[in-house]
Amino acid sequence: MSKNYVSIADVKDYVGQEVTIAAWVANKSGKGKIAFLQLRDGTAFFQAVAFKPNFIEKFGQDKGEEKFNTIRHLNQETAILIKGIVKEDKRSKFGYELDVLDLEVVGGSENYPITPKEHGTDFLMDHRHLWLRSRKQMAIMQIRNAIIYTTYEFFDRNGFIKFDSPILSGNAAENTTELFETDYFGTPAFLSQSGQLYLEAGAMALGRVFDFGPVFRAEKSKTRRHLTEFWMMDAEYAFLSHEESLDLQEAYVKALIQGVLDRASQALETLERDTDLLKKYIEEPFKRISYDDAIDLLQEHEADQDTDYEHLEHGDDFGSPHETWISNYFGVPTFVVNYPAAIKAFYMKPAPDNEDRVLCADLLAPEGYGEIIGGSERETDYDRLLKKIQENDLNPADYDFYLDLRKYGSVPHCGFGLGLERLVTFIAGTKHIREAIPFPRMLHRLKP
Ligand code: 4AD
Ligand code: MG
């Protein structure tokens, strides 16, 4: 914010003083001699009150009336510079309001499409570039920002180096069915699904590394948890055991929740998020359960009155109703560990006591938010890894660099990836992932 203007978030420091605020008119009301303006400037919302007699007293009858009428008839989303005195007001939600002295229009606004009435989701999505100005969307973006900021802080504090993995790649990190392909000077290239494979090279060079950037998946599924472009934080750590990796993930997610409570408390309030629940997730240990125990538990409860998931056999993958049920059953974020090798990616290390299970974990968020982290211990043996690559119908030549890491000082190592928008949705308590990123990309959505 220019030093000439006071931001709305800071008005509490200016009680009794004259300030100029650069803002937009989010809404207005009033009648007769009084006009109320709901202002927003990106930092917060705030009410300004203009009283006609004050204007006439200050500017004379004609000029005063003209000024007041301008204010009274400002259109929604007009950009203004507004001067006034900050007053404490216990009745207003914000606690303060502005007693208007003068106003200048910076940019007009005619027929703003998003009015205070209810709009359908498609309409709002078509106007995403404007929808972002609304109170709720602003709060979600502030929470997203708090998570990003806390991520850098957490990894820096824990000795990790930010290591940027490429977005254009010649291989598939996760699976070949959800790859976006593009032409790279006559050779097929793919948009990254996860920086993991490159991060493993980073971990062998720098010990502990993380990346944080957009990844892409040609997900044909139309759910409230899937985007085709989303942001992933991948972390990779040399000489770390699977158990220690879970400890690290738990500490990270707790730090993120605390980071949002500390940095975006107003946003949580706007969204009416139950912060006692968030605090509980920080205070209580996360649950850890094996995949096979989770299947047993699901089978045991499938006939219960309040369950509505399909029967699963050992070996089947979970659908979202199963994930939701499991994490709700425990009431805290829940790690499901050691899934069947057959339903997980090629690079995971088999469990020492059971070749059919791999040393991996999905972290499932309670309240129906689904999987927020996927991670595993990595296969370190050259021959076994090569065999897995072949069994998965992948071309070993595309994974030369990755196999090399197993030839020169291969060590136990683990890593995980957190989906930023899944976490935003979970902490913000919003229902659909499309609101967790400024411009969502989904099956039928590439605009705006
Ligand atoms: O479980 P995933 O596929 O794991 C990986 O990509 C690993 N290579 C990560 C690693 O070990 N470094 O994806 C990680 C997370 C998921 O837990 C989920 O939170 C999110 O990414 N995610 C999605 N978020 C939004 N839309 C999608 N289509 C997503 N697919 C995965
Ligand atoms: Mg996963």
*Could you walk me through whether Tyr5 and Ile21 pass the side-chain contact (heavy atoms from CB on, under 4.5 Å) test, one step at a time?*
CA-CA 5 Å; Tyr5 311 122; Ile21 295 174; 5.9 Å; no
*Show your reasoning for whether side-chain contact (heavy atoms from CB on, under 4.5 Å) applies to Ile147 and Leu420.*
CA-CA 8 Å; Ile147 294 171; Leu420 173 61; 3.5 Å; yes
*Run the numbers on Thr151 and Phe212 for side-chain contact (heavy atoms from CB on, under 4.5 Å), then give the verdict.*
CA-CA 9 Å; Thr151 291; Phe212 199 178; 3.8 Å; yes
*asked:* Would Thr78 and Asn75 count as a side chain to side chain donor-acceptor pair (under 3.5 Å) here? Give the steps.
replied: CA-CA 6 Å; Thr78 303; Asn75 288 332; 5.2 Å; no
*Dump the intermediate steps for side chain to side chain donor-acceptor pair (under 3.5 Å) on Ser241 and Glu244, then the final yes or no.*
CA-CA 5 Å; Ser241 73; Glu244 289 170 315; 3.1 Å; yes
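With rounding to the nearest 0.5 angstrom, the CG atom of Leu240 is 8.5 Å from the CZ atom of Arg208. Atoms CZ and CZ, from Phe45 and Arg40 in turn, are 6.0 Å apart once rounded to the nearest 0.5 Å. Note: Ile143 CD1 to Phe426 CZ = 12.0 Å, rounded to the nearest 0.5 Å. To the nearest 0.5 Å, atom CG of residue Asp292 and atom CZ of residue Arg357 are 4.0 Å apart. The distance from atom CG of Leu278 to atom CG of Leu268, rounded to the nearest 0.5 Å, is 6.5 Å. Atom SG of Cys360 and atom CG of Leu246 lie 10.0 Å apart (nearest 0.5 Å).
No more than 12 heavy atoms of other residues, nucleotides or ligands shown are found within 6.0 angstrom of CZ on Phe239. A 6.0 Å sphere centred on NZ of Lys387 holds no more than 12 heavy atoms belonging to other residues, nucleotides or ligands. The environment of Glu310 atom CD is sparse: at most 12 non-hydrogen atoms of other residues, nucleotides or ligands sit within 6.0 angstrom. When the shell of 6.0 Å around CD of Glu181 is examined, it contains more than 12 heavy atoms from other residues, nucleotides or ligands. No more than 12 heavy atoms of other residues, nucleotides or ligands lie within 6.0 Å of OH in Tyr149, so this atom counts as exposed by the packing criterion. Around the OH atom of Tyr184, the shell of radius 6.0 Å holds no more than 12 heavy atoms that belong to other residues, nucleotides or ligands.
Counted by atom type alone, Glu302 and Tyr309 present zero donor-acceptor pairs between their side chains at under 3.5 Å. A donor-acceptor contact under 3.5 angstrom links the side chains of His314 and Asp296, judged on distance only. Ser245 and His242 form no side-chain donor-acceptor contact under 3.5 Å, judged by distance and modelled atom types alone. For the residue pair Glu377 and His413, no side-chain donor N or O sits within less than 3.5 Å of a side-chain acceptor on the partner. No hydrogens or angles considered: a donor-acceptor pair under 3.5 Å links the side chains of Asp211 and Ser165. Under the 3.5 Å distance criterion, with hydrogens and angles disregarded, a donor-acceptor pair is assigned to the side chains of Asp234 and Ser194. In the model, His301 has no side-chain atom that pairs as donor or acceptor with a side-chain atom of Gln299 under 3.5 Å. Of the N and O atoms on the side chains of Thr150 and Glu153, not one donor lies less than 3.5 Å from an acceptor on the other residue. A donor-acceptor contact closer than 3.5 angstrom is absent between the side chains of Arg378 and Tyr347. Residues Glu323 and Ser327 bring no donor and acceptor atom of their side chains to less than 3.5 Å of each other.
Note on Arg445 versus Asp126: salt bridge recorded, some NZ/NE/NH1/NH2 to OD/OE distance being below 4.0 Å. The pair Arg384-Glu355 meets the salt-bridge criterion, since a charged nitrogen lies less than 4.0 angstrom from a carboxylate oxygen. Salt-bridge check for Asp362 with Lys344: passed, with a basic side-chain N closer than 4.0 Å to an acidic carboxylate O. Under a 4.0 Å N-O distance rule, the pair Glu77/Arg133 qualifies as a salt bridge.
For the salt bridge (Lys or Arg N to Asp or Glu O under 4.0 Å) with Glu367, the lone residue among Lys431, Arg273, Lys280 that qualifies is Arg273. With Glu435 as the partner, the salt bridge (Lys or Arg N to Asp or Glu O under 4.0 Å) test is satisfied by one option alone out of Arg144, Arg128, Arg224, Lys136: Lys136.
You'll find the ring centres of Phe318 and Tyr291 inside the 6.0 Å limit. When ring centroids are compared, Tyr252 and Phe210 stay outside the 6.0 Å threshold.
A donor-acceptor pair is defined here as one N or O able to donate and one able to accept, closer than 3.5 Å; such a pair exists between the side chain of Lys254 and the backbone of Ile282. In terms of modelled atom types and a separation under 3.5 Å, the side chain of Glu250 and the main chain of Phe286 share a donor-acceptor contact.
Closest approach of Gly331 and Tyr281 over heavy atoms only: O-CE2, 3.4 Å. Residues Glu313 and Asp316 approach most closely at N-OD2, 2.8 Å, considering heavy atoms. Considering every non-hydrogen atom in both Tyr198 and Phe163, the closest pair reads O-CE2, 3.4 Å. Across all their heavy atoms, Ala48 and Leu39 have their closest contact at CB-CD1, 3.9 Å. Here the closest non-hydrogen pair linking Thr228 and Glu219 is CG2-O, 3.9 Å. Minimum interatomic distance between Glu174 and Ala345 (heavy atoms only, all atoms of both residues): OE1-CB, 4.0 Å.
The cationic group of Arg157 does not satisfy the cation-pi geometry with Phe160, failing either the under 6.0 Å distance to the six-membered ring centre or the 45° limit from the ring axis.
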